[in-house]
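Below: the structure, in structure tokens.
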Amino acid sequence: MAKVAQVVVDVPTMQTNHPYSYEIPVKWAQTVQIGMRVVVPFGKGHRQVQGFIVAMDQPSHYDGQLRPLTALMDPEPVVNQEMLALSKWLADDTYSFWISCLYAMLPAALKGKNKRLVRIVDEIGEQDAAEIFHNLDEIDFATIADQPELVQRVTKLKKQKKVVFDYQVEDRARKKYVAGIKPLLDFGRYEDERQAIAKNAHAQNRLLSYLQNLNGQLVEQKDAIKASGLSAATFRLGEKRGWLKKVPIEEYRQPGGPIPQQLTRPLKLNQEQRVAFGAISQAIRSGGHSKPFLLEGVTGSGKTEVYLQAIAAALDIHKTALMLVPEISLTPQMVRQLRGRFGAKVAILHSSLSQGERYDEWRRIMNGAAQVVVGARSAIFAPLKNLGLIIIDEEHEPNYKQEDSPRYQARRVAEWRSHYNHAVLVLGSATPSLESRSRAHVGLYHLLRMKQRVNHHPLPSTEIVDMRPVVSREGETNFSPRLLALLADRLQKREQSILMLNRRGFSSFVMCRHCGFVLKCPNCDISLTLHMASHTMRCHYCGHEEPIPQVCPQCHSRKIRYYGTGTEKVATELAQLLPAARVIRMDVDTTRRKGMHERLLKEFGEQKADILLGTQMIAKGLDFPNVTLVGVLNADTGLDLPDFRASEHTFDLLAQVSGRAGRAQKPGHVVIQTFNPTNYAITLAQQHNYEKFFATEMNLRYRAGYPPYYYAVKLMASHAEQSVALRAINQIAQQLHTNLAPSTVVLGPSPRPIARMKRRYYYQIVIKYKKDPILHQLLTQILNNTQQKGFRDVQITIDPDPQYFM
DNA sequence: AGCACGCCGACT
DNA sequence: GTCGGCGTGCTC
């Protein structure tokens, strides 16, 4: 009885979100394994799609006629048991398709490209032959897919059976090969050959002794030529004589430059570092279950060195280690540090790698060549075997949450993997997320604290500049006289400055330039966003709406307007105010080109500029010894976003950016310009007082019923027609109201800020709950129902951990 | 997603 | 009478 393969197919819809049974042809009975990619026929016609074998069982539970697998795409599995289990859990946990989760874990190169070719099999009209097929026998359907008229004509031809569709799944995975030389004979046989050749055949003689000395070892032809001094022709001759064989050697594209020759040594740890490292390394060695560690260390407390030594501790007992960092801090400096300590054992997964590089790094991890992985969010899926340690640096970073499907939070995936592998999980931050910190508070995490800076330098002094009088005195400006004076002073002393422009929530809310008043929702205590299309201020949390104010309701000033500014404008202003200063501007515009990010930072590091002006991207991980002044031009923009995490993000950002000043000998100074000089997020950031911020913010969250006191789920419905979307969301709201626990709060439905996106109308519901045992099941059911009657073409998305509610 | 089946309006 | 519109249901 042939085995049956259970295959999850690459058709991301609700109805097909389960494995399908396929017959395994006898010729592959020995080769197929769970976790391999396959090509299978799917549906009517001759459609072929890619899929993953997720199980193999004896008789199938399906009693219809099975179709056989079309092809195996991999010689060995690309998904191991752990990843398979993880993908299944993730799909359920994030309300995503299983297939989407599988792809999320793999390099893009492994996503097969579905091709549909149209082939002529009978006489067709001259006009069709010319206009559709350009007089060829076969074309790719994709080339005409965007021209409805041609599609129609092709469909007609297909009906008449004059053309057929030929479906192919094209594997994008490309390995790079270089020529290699493999000696075929053993030592003695080479000796015999040498006796046999002509006395004057010097080249052949040298080739034979070269091959003899290889001792059967495989070498790259390029190296062989160099080492032996022989020509490629001689090696060709050797192949003909049967002395050697030319074989392709897989080459791994190596991003991040060469491996250093000399590895760095561990640094001596101070008392606090020793305590932290001691606890972590002991947990690693014990190999059992351990609570996650929350490593709370001020900027400059030497967290990185603790991480490095913890990784070394894992490697010592032959385990592997995975480290996540925010994309933006995955700088060449950082890569150098890891490569410097662990050399070729490190694989780097970075968004700016090419598809091929990414694939190669992934294969190095898969085959065990790399035992340490450093990367951004998606690196949490790195297929390391025998995982002993997972580190998430800057764990509070919102970027660890993926904002499109599958909407996973890397921290949560890390917990799953650490559980599965009995691996130690370390979450590190100077300003832990409220979620993590409160978990530490109740004992779910083990809290480790490092309060001292390694170099014993004090944290930079920080001053707050109230921009309200500045603007009323001097009109619109991004620079207070105080900040300008300090910039001029640094310029004169030949020291460098960093200016950060906070662009979060660019021009989306209205603020009074006179008193700092921000219009808030009367029901939700969250600021209203400007909705230009309808000329209203709207709360996207509860749906409240009111007209755009002309005068400030608080101080009756007319200087109420929406707030937002760009780096370009600031740079222009700066050039007028401080013409002597050399400025490097860094934002999405100037760093779009590959490598620009690094180049600009390098230039600044080489002191080719006096001022680095940029957006949030300059707040993290940069370390320039000559920077003694950091200015935050507009601390407020993040603060008044309609986002319950706004204060937290502002505090984190200010703490983060302050850490950029005074890294070396010279003391640093920080200037924060704001229209809200008394706001607690700003004053507490000034005092570097995380503890008090934590207490204050937790209190607010408690009173407003936000995370971490409540969990939140965001559900969205969209449709091309507003009435249909509205009907759908109302029906869902109804279901929720009647079924959920009384303590669960259902907010909305309300339209999204950009109610119409991509020609679709969006509505959303936010559910806040403390404990609701049936919620998950109910949501899953709602998702299933949506693919049926009345919900045609309605798109439902559910986000189990929304970062914001707008 | 992509395809077929099936039931209603305007055409060779 | 049939061609083709898209609403509905299914894919191992």
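Lettering follows sequence order; numbering is per chain, from 1.
- Scanning residues 27-39 of chain A for heavy-atom distances under 4.0 Å to DNA chain C yields an empty list.
- Listed by chain and number, the residues in a salt bridge (Lys or Arg N to Asp or Glu O under 4.0 Å) with A/E170 are A/K115 (sequence neighbours excluded).
- Judged as a side-chain contact (heavy atoms from CB on, under 4.5 Å), and not counting sequence neighbours, the contacts of A/L86 are A/M83, A/W89, A/M105, A/F381, A/V413, A/W416, A/R417.
- In this view, A/S378 and A/R358, A/Y408 satisfy the side-chain contact (heavy atoms from CB on, under 4.5 Å) rule, not counting sequence neighbours.
- Nearest to the side-chain atoms of A/Y22 among the listed nucleotides C/dT11, B/dA4, C/dC12 stands C/dC12.
- By the side-chain contact (heavy atoms from CB on, under 4.5 Å) test, A/A741 is found to be paired with A/S743, A/T744, A/D772, residues two or more places apart in sequence or in another chain being considered.
- Base contact: A/R47 has a heavy atom under 4.0 Å from a base atom.
- Comparing atom distances between the A/R116 side chain and each of C/dC12, B/dG2, C/dG5 picks out B/dG2 as nearest.
- With sequence neighbours excluded, the residues satisfying side-chain contact (heavy atoms from CB on, under 4.5 Å) with A/A369 are A/R364, A/N367.
- Among the atoms of the strands shown, none is found under 4.0 Å from any heavy atom of A/P19.
- A/Q48 comes within 4.0 angstrom of no nucleic acid atom, judged by non-hydrogen atoms across all strands.
- In the set C/dG5, C/dC10, C/dC12, C/dC10 carries the atom at the smallest distance from any side-chain atom of A/Q15.
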